[in-house]
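Chain letters run A, B, ... following the sequence lines, proteins first, then strands; residues in each count from 1. Hydrogens, waters and symmetry mates are skipped; everything else that's a heavy atom, side chains included, is used. Predicted model, so just to flag it, every value in this text is computed and none were measured.
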Amino acid sequence: MIVAELRQQFPVLGRTVKDKPLVYFDNAATSQKPQCVIDALTHYYSHYNANIHRGIHTLAEEATMAYEATRFAVQNFIGAASAEEVIFTRGTTEAINLVAYTWGRQHIAAGDEVIISGMEHHSNIVSWQIICEEKKAILKVIPVLDNGELDMDAFNRLLSDKVKLVAVVQVSNALGTVNPVKEIIKAAHLVGAKVLVDGAQSAVHLDIDVQDLDCDFFAFSGHKVYGPTGVGVLYGKRNLLEEMPVFQGGGEMIKEVTFEKTTYNDLPYKYEAGTPNIADTIALKAALDFIAGIGKDQIRKHEHELLGYATTQLQLIPGVKIIGEAKNKVSLVSFVVDGVHPQDIGVLLDNMGIAVRTGHHCTQPLMKRFGIPGTVRASFALYNQMEEIDTLIAGLRKTIKMLS
Amino acid sequence: MEVKTIQEIEADIIEDFALFDSWEDKYEYIIDLGKKLDVLEDEYKTEEHKIKGCQSTVWLAASYEDGKVIFKADSDAVIVKGLISMLIKVLSRHTPEEILAAQMNFIAEIGMMTHLAQTRSNGLLAMIKQMKNYALAYKMTQEIKK
């Protein structure tokens with residue numbers, strides 16, 4: 001895996017920002033796209049754009065086959081038992097909402113408990129708050145330790161037969177922590193609870209095997225795995241998906257419609273109402289193929305080096321405190337600087353062409369837990385280089401000087 | 001003492017900024033303004049005076065003397081403080097009508113538009129809105145008294 005060569009495939013990386021070369025360190029927010037993904041999109045619209053699943057003409061067939069090919073690619077990507085357990089959504093947030101409003105409504109009753117963690121993204125908090133309020137169920141939170149790991153002892157103490165669902169993030173977008181989800185799933189199942197895993201950050205870094213994890217639901221977003229925006233995946237165990245009520249009503253998700261009664265379609269179409277995001281779903285396969293072509297383990301090795309280097313360099317700067325020091329992390333690092341607001345750092349770094357994310361990262365409860373308004377987050381992808389980290393470090397030192 | 005109009009003050013600021021060659025100079029100036037901003041008394045750092053942006057917090061207080069609105073403000077982010085300092089320089093000690101009519105063009109002219117555009121990211125736009133709200137409120141109380 002030669003990074004310099006791979007970078008050539010990402011057109012955005014060649015641009016300048018405020019006359020400086022772009023240093024893109026906001027990959028946890030969204031990844032840049034390789035030319036093959038961009039080409040897949042334009043190729044679809046230029047050559048075989050048609051509505052899928054319905055038409056009998058050639059273009060419709062070609063489009064349908066390309067769309068369903070992505071479904072098989074995703075099945076492979078996450079190790080699902082069948083492609084019918086792969087449902088396309090708009091993203092992770094929609095996937096979680098889908099489960100909350102269908103499975104959640106069906107299975108959560110008054111007095112039941114839902115467990116989430118203190119490091120969840122708002123998408124994996126708010127949906128459950130809504131359902132718990134509606135059903136008069138109780139939301140419980142696994143505490144986060146000072147090093148950014150989950151307090152597993154506390155988690156085990158929270159488990160009881162009242163718990164219907166554990167919804168937990170596999171990798172924290174704010175801290176980079178990799179959570180022991182397999183362990184969590186095992187423990188939750190012992191008390192009869194189901195588990196939803198938020199894979200938004202993990203899907204791009206870790207090898208995902210939903211059968212090995214034995215999770216009941218898994219969600220991730222296309223745009224974070226070098227794919228386009230607007231497409232995401234909800235994986236669910238077949239037996240659960242089959243007995244869940246429908247989500248959105250409309251075409252595609254039906255078998256037969258009369259004004260007296262309507263019957264619903266089989267999986268996965270039951271949950272794919274209306275014309276889907278055909279183009280972006282097709283282009284997602286190009287992204288997954290791209291990753292497979294390089295090898296996730298190769299990517300991980302490189303990312304790990306970047307993380308190690310960045311962490312070491314950051315720790316050398318006086319006043320910098322790293323937030324999230326779990327033993328097991330993906331390639332992102334959040335930090336704060338004594339007496340300096342993260343937003344000020346972000347603004348000045350931007351003037352140097354460096355893109356980082358500042359703020360609460362949609363994890364306000366987590367920031368509150370650490371007593372900070374937000375952090376500066378640098379997140380690395382396969383195309384980032386050591387030299388870019390040097391640029392960040394030099395830029396950060398200059399920034400701190402200007403702000404002191 | 002000659003009192004400058006809002007437009008005149010804005011013109012002065014635009015002129016000052018035209019002298020800067022580099023972004024470093026520009027931001028050093030803004031940061032310096034931010035550091036020099038009068039300290040806002042703790043009594044005003046309350047929920048009531050808070051204007052929340054996604055990232056930085058702004059506290060704004062206003063008072064009304066001799067037909068002029070006087071603003072005091074603070075923020076936890078120093079660049080925002082610098083921008084606030086300029087907003088106060090431009091809008092404070094003017095009549096409600098003058099404040100309501102102010103277009104705030106200088107912000108775009110000095111290249112700080114992104115700070116306004118990121119309305120979720122910082123409280124700056126919300127602050128300008130709130131300053132105008134205060135002006136409107138004082139204007140209404142003026143009219144009621146008549």
Exercise for review: Mind telling me whether B:Tyr134 and B:Tyr138 have parallel, tilted or perpendicular rings, with 30° and 60° as the class edges?
Suggested key: parallel
Check your understanding: Does any heavy atom of chain B fall under 4.5 Å from the side chain of A:Lys398, the backbone, both, or neither of them?
Key -> side chain
Practice item. For A:Thr363 and A:Ala174, indicate whether the former's side chain and the latter's backbone hold a donor-acceptor pair under 3.5 Å. Key: no
Exercise for review: Can you tell which part of A:Leu348 gets under 4.5 Å to a heavy atom of chain B, answering side chain, backbone, both or neither?
Suggested key: both
Study note, to complete from the structure: If one checks every heavy atom of A:Thr399 against chain B at 4.5 Å, the contacting part turns out to be neither
**Study point:** Leading residue by heavy atom contact count with chain B [cutoff under 4.5 Å; candidates A:Leu403, A:Asn351, A:Thr358]
**Key:** A:Asn351
Point to revise | A:Ser221 side-chain N/O to A:His223 backbone N/O, donor-acceptor pair under 3.5 Å | key: no
Practice item. Measure the acute angle between the ring planes of A:Tyr383 and A:Tyr24, then classify it against the limits of 30° and 60° as parallel, tilted or perpendicular. Key: tilted
